[in-house]
Participant: 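The structure follows.
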Amino acid sequence: MSKTSAGHVYIPLSDLRGNTVVDIYGIVRFLKKPYKTRGSDYCLVISLFDQSMSDPDQKLKCLLFAKDMSRLPLAEVGDIIRFHRLSIVNYAGELQGQMKPGTSWVIFSPSIGGSPDAIKASSINYTITDEDKSRVKNLREWAASRNFHDKKCSLKEICPGLYFDLVCQVVSTCVIEDGVCLLLRVWDGTVPNYPVRVIDTEKEGCRVHSLPGLHRRAVGYLYDVCIFDDHFEAGSQIKPGQHVKLYNLHAAEYRNLESRSELSALPVVELTLHQGTSFGRRIAILDEQSEDAHKLRRHLADISPEVSSDTPGKLSSTGSPNMVSRDNRTADAGLANDAQPQGNQVHVSSAVDINQPSTSGITAKRLRTNDSKVCNVKNVNDSKNIDTRNDSHSDNSDSSNANDEQVSKKKQSDISEELFSDSRESRRNSDELQPVKESIVNGSKTEGSAQSLDDTRCMRQTATVILNHPNTKRTKIERILQHMVPYKFRVLARVVDYHPKPKSVQNFLQLYCPDCHFLCPLSCHKLPDSESTFERSLETGRGLDLPVGSTFGGIQHYNCPECVENSSQNSDSLKTPPILQYIYMLRFLIDDGTDWLLANLWKNDAVTFFRDISPTDLLQSKNLFQEVEEMLAQVCPAEGEKPWIECCIMSYRTAQGTQYQIFDTAIV
DNA sequence: GATTAGGGTTGG
């Protein structure tokens, strides 16, 4: 029954602050069933979200204690819950909701058109105003309109490190280790961008169960999934031919083989359903009438029509319009029990050759794809040290093409000053950036037949080329900024500015410790913030204020002062401290007319970029330093129109937020 | 009255 407003002000969950007591509404995203603590209470852990949370991973965790379980809000995922007088505290860097004496709660069902009344409440006396009803209605409709928990991904979309849900058909099964590891050989009718580890099922003791007819249909699309531990039992129930959904499958980067012998080689992924059930990890056998099963069946029938089991599949004919490059080095070879069609044409198209070694019974495959989605990366932690914000700012004189770009000097100067501040918000909100964007858009419009950045048919001369990834479509920066992280993209853009300018080798190169990631400019004479560790290490310094390790090739090398200090503290002084590496470390402001981003370029990626001229080359040859200088001027001339560049960009997260890094790109 | 516990991937 509606009552008058009780005067509560409900705070959006993203506006909450620590050490406050608030009234809130939220939708239950997660709930750990209540359990008896070792203290006197029951504990319920619950996570809430609402419309104010744009990031799908955002939530308010609530830790709720009560002497009596019935006093806890025993909701279900999806339910709407209202708290009055919930305490918000900081815990481990996050906000946490806690019940205190006086806290009350009310639970509503999530069903649209359902009763506006509560289904549970902490007290018999509660008030639901018209405003509350309207709020519940809005939340119900909002939640129904968005599929929050869907992490569904097809195989063509996977990238190393991704956790995703896979809807697929099981073609074969094989127990690898009883009770521990089960192999499911599956297909979803798509082909990954990455080579996928293949499990050897030819070895003794492997009994593969398969449907030969289905297997023939799926050849070229088959991928191996390993199901471990907790999920072995559920996996064992699966019969070949069944449609399943694997929740929280991990496209783990497979590291035990040297698949990246070249900079441009792609990482191999292995598809693994790890032990445990966190993040909803599980296997579900799909109801054949379910929407997921219907959709999958339709797609599989499109790409590889069902045929009677003794008729070779249509896919054996090459040149089919739907033909995908096939590679039956893959699962086929391993399926001793399956009759293999002979003569299915196998080839790897212009895709990347990953130089796969076949070791430990493992091969990897790489198939063609037309998909624009590329990949993400996992091991880019090194990059956390890319931060040139302490460096001197770029010089306005480098932006003297202001007139050409219809940008005033002042505006260019603002950009330069902000170039190494990562404050995207401040820049995005800056009206002064607009003319720059506009000028670039105009620039592209005046470029002969180039009507659009997406017009890949246009023969556009770029100042850089990318190495590899021929089948990857370009992504606009606007989209990159909105995309999940980490990920990799191919971009066509212009370099608006970069830093540092190669005024001297000293200001251009950095010293980097591969062990502890200590980093300092070559020109530095003091460590930042007068670190005492460094001050003490100066005693042995010569030339630069860093301890000299050795001199070879006519180049001074320095031991890492951080590691020297740490080893002396840990009485580990017998260990030779690592030698600092000379590295490039640059940052580019690139803009493609849709938006801009700051892209880091360093270490091997930078050597590739500068056509294999290494940092130490610059120390030894003035000509090579000049060559690098000229290359940069080519990519971002101080005067005149900036050329287009094409580059690979990977995004990754650091404590400072999302960063971007250039890789597999070289100046022409 | 304080305490309890503080969600949670990455081996294969």
Side-chain angles (χ1 to χ4, degrees), chain A residues 18 26 28-49 56-69 71-72 75 77 86-101 149 151 153 158-166 174-184 196-201 203 206 224-232 235 246-257 267-283 360-362 376-381 486 652-653:
Chain A
V28 177
R29 149 167 291 173
F30 165 85
L31 181 139
K32 180 168 148 188
K33 65 177 189 206
Y35 60 96
K36 183 88 170 72
T37 67
R38 281 184 289 188
S40 57
D41 295 348
Y42 285 88
C43 178
L44 172 69
V45 182
I46 203 165
S47 290
L48 304 178
F49 69 107
D57 294 327
Q58 258 184 303
K59 66 216 148 190
L60 173 70
K61 282 184 198 171
C62 298
L63 190 70
L64 311 172
F65 292 104
K67 298 252 179 296
D68 186 342
M69 218 194 295
R71 299 186 69 87
L72 291 169
V77 170
L86 184 72
S87 287
I88 305 297
V89 299
N90 282 301
Y91 174 76
E94 285 185 322
L95 293 177
Q96 189 177 78
Q98 294 183 346
M99 292 206 304
K100 292 277 151 66
H149 300 284
K151 300 265 197 280
C153 209
I158 63 167
C159 43
L162 185 73
Y163 288 88
F164 65 108
D165 300 340
L166 178 67
C174 178
V175 172
I176 303 295
E177 189 183 343
D178 196 25
V180 176
C181 180
L182 177 80
L183 167 67
L184 299 181
V196 176
R197 184 188 178 198
V198 178
I199 305 299
D200 180 11
T201 46
K203 62 189 176 193
C206 276
D224 287 357
V225 176
C226 286
I227 307 292
F228 284 98
D229 305 322
D230 315 46
H231 314 289
F232 184 92
L246 306 171
Y247 288 87
N248 198 232
L249 188 61
H250 188 199
E253 190 172 332
Y254 185 61
R255 297 157 189 281
N256 289 8
L257 75 173
V268 177
V269 298
E270 54 181 352
L271 300 173
T272 302
L273 198 72
H274 292 292
Q275 67 170 37
T277 56
S278 51
F279 288 86
R281 196 175 308 126
R282 67 197 161 97
I283 297 174
S360 322
I362 288 157
N376 74 3
V377 285
K378 209 174 168 191
N379 291 323
V380 286
N381 295 337
Y652 57 97
R653 270 199 220 286

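Hydrogens, waters and symmetry mates are skipped; everything else that's a heavy atom, side chains included, is used. Throughout, protein chains are lettered first and strands after them, A, B, ... in sequence-line order, and every chain is numbered starting at 1. Keep in mind it's a predicted model, so treat the numbers as computed, not measured.
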Participant: Find the distance A/Phe65:CZ to B/dG1:P and express it as a whole number of Å.
Facilitator: 18 Å

Participant: Which part of the nucleic acid, if any, lies within reach of A/Glu270 when heavy atoms closer than 4.0 Å are counted: base, sugar-phosphate only, or nothing?
Facilitator: sugar-phosphate

Participant: A/Ser40 has a side chain; which of B/dT9, B/dT3, B/dG6 sits nearest to it?
Facilitator: B/dT3

Participant: Considering only B/dA2, B/dT4, B/dT10, which nucleotide approaches the side chain of A/Tyr163 most closely?
Facilitator: B/dT10

Participant: Could you check whether A/Ser278 gets within reach of a base, just the sugar-phosphate, or nothing at all, counting any heavy atom under 4.0 Å?
Facilitator: sugar-phosphate

Participant: What do you reckon, do A/Phe30 and the base of B/dG7 stack, with centroid distance below 5.5 Å and planes below 30°?
Facilitator: yes

Participant: Donor-acceptor check, side chain of A/Asp165 to backbone of A/Asn248, threshold 3.5 angstrom: yes or no?
Facilitator: yes

Participant: From the set B/dT10, B/dA5, B/dG12, return the single nucleotide nearest to any side-chain atom of A/His250.
Facilitator: B/dT10

Participant: Report yes if a side-chain nitrogen or oxygen of A/Arg38 is closer than 4.0 Å to either non-bridging phosphate oxygen (OP1 or OP2) of B/dA5; otherwise report no.
Facilitator: yes

Participant: Could you state the atom-to-atom distance from CG of A/Leu63 to P of B/dT4 in whole Å?
Facilitator: 11 Å

Participant: Expressed in angstrom and rounded to an integer, what is the separation of A/Lys100 atom NZ from B/dT3 atom C1'?
Facilitator: 12 Å

Participant: Ignoring hydrogens and geometry beyond distance, is the side chain of A/Ser47 in donor-acceptor contact with the base of B/dG7 at under 3.5 Å?
Facilitator: yes

Participant: Out of B/dG12, B/dT10, B/dT4, which has the shortest distance to the side chain of A/Asp229?
Facilitator: B/dG12

Participant: Given the structure, check if the side chain of A/Arg281 and the base of B/dT9 hold any donor-acceptor pair shorter than 3.5 Å.
Facilitator: yes

Participant: Select base, sugar-phosphate, or nothing to describe what A/Lys32 touches, counting heavy atoms under 4.0 Å on all strands.
Facilitator: sugar-phosphate

Participant: A/Lys33 NZ to B/dG7 P: how many Å, rounded?
Facilitator: 18 Å

Participant: Nearest of B/dG7, B/dG6, B/dA2 to any side-chain atom of A/Arg29?
Facilitator: B/dG7

Participant: Picking from B/dA5, B/dT3, B/dG6, which would you name as closest to the side chain of A/Gln96?
Facilitator: B/dG6

Participant: Could you state the atom-to-atom distance from CG of A/Asp230 to P of B/dG12 in whole Å?
Facilitator: 17 Å

Participant: Atom CG of A/Leu60 and atom OG of A/Ser47: how far apart are they, to the nearest 0.5 Å?
Facilitator: 7.5 Å

Participant: Give A/Tyr35 one of three labels, base, sugar-phosphate or nothing, depending on what nucleic acid heavy atoms sit under 4.0 Å from its own.
Facilitator: sugar-phosphate

Participant: Taking the side chain from A/Asp41 and the backbone from A/Phe65, do they hold a donor-acceptor pair closer than 3.5 Å?
Facilitator: no

Participant: Compare the minimum distances between each of B/dT9, B/dG7, B/dA5 and the side chain of A/Lys61, then state the nucleotide with the smallest one.
Facilitator: B/dG7

Participant: More than 12 heavy atoms of other residues, nucleotides or ligands under 6.0 Å from CZ of A/Arg71: yes or no?
Facilitator: no

Participant: Would you call the rings of A/His250 and A/His274 parallel, tilted or perpendicular, taking 30° and 60° as the class edges?
Facilitator: tilted

Participant: What is the separation between atom CG on A/Leu72 and atom C1' on B/dG6, rounded to the nearest whole Å?
Facilitator: 15 Å

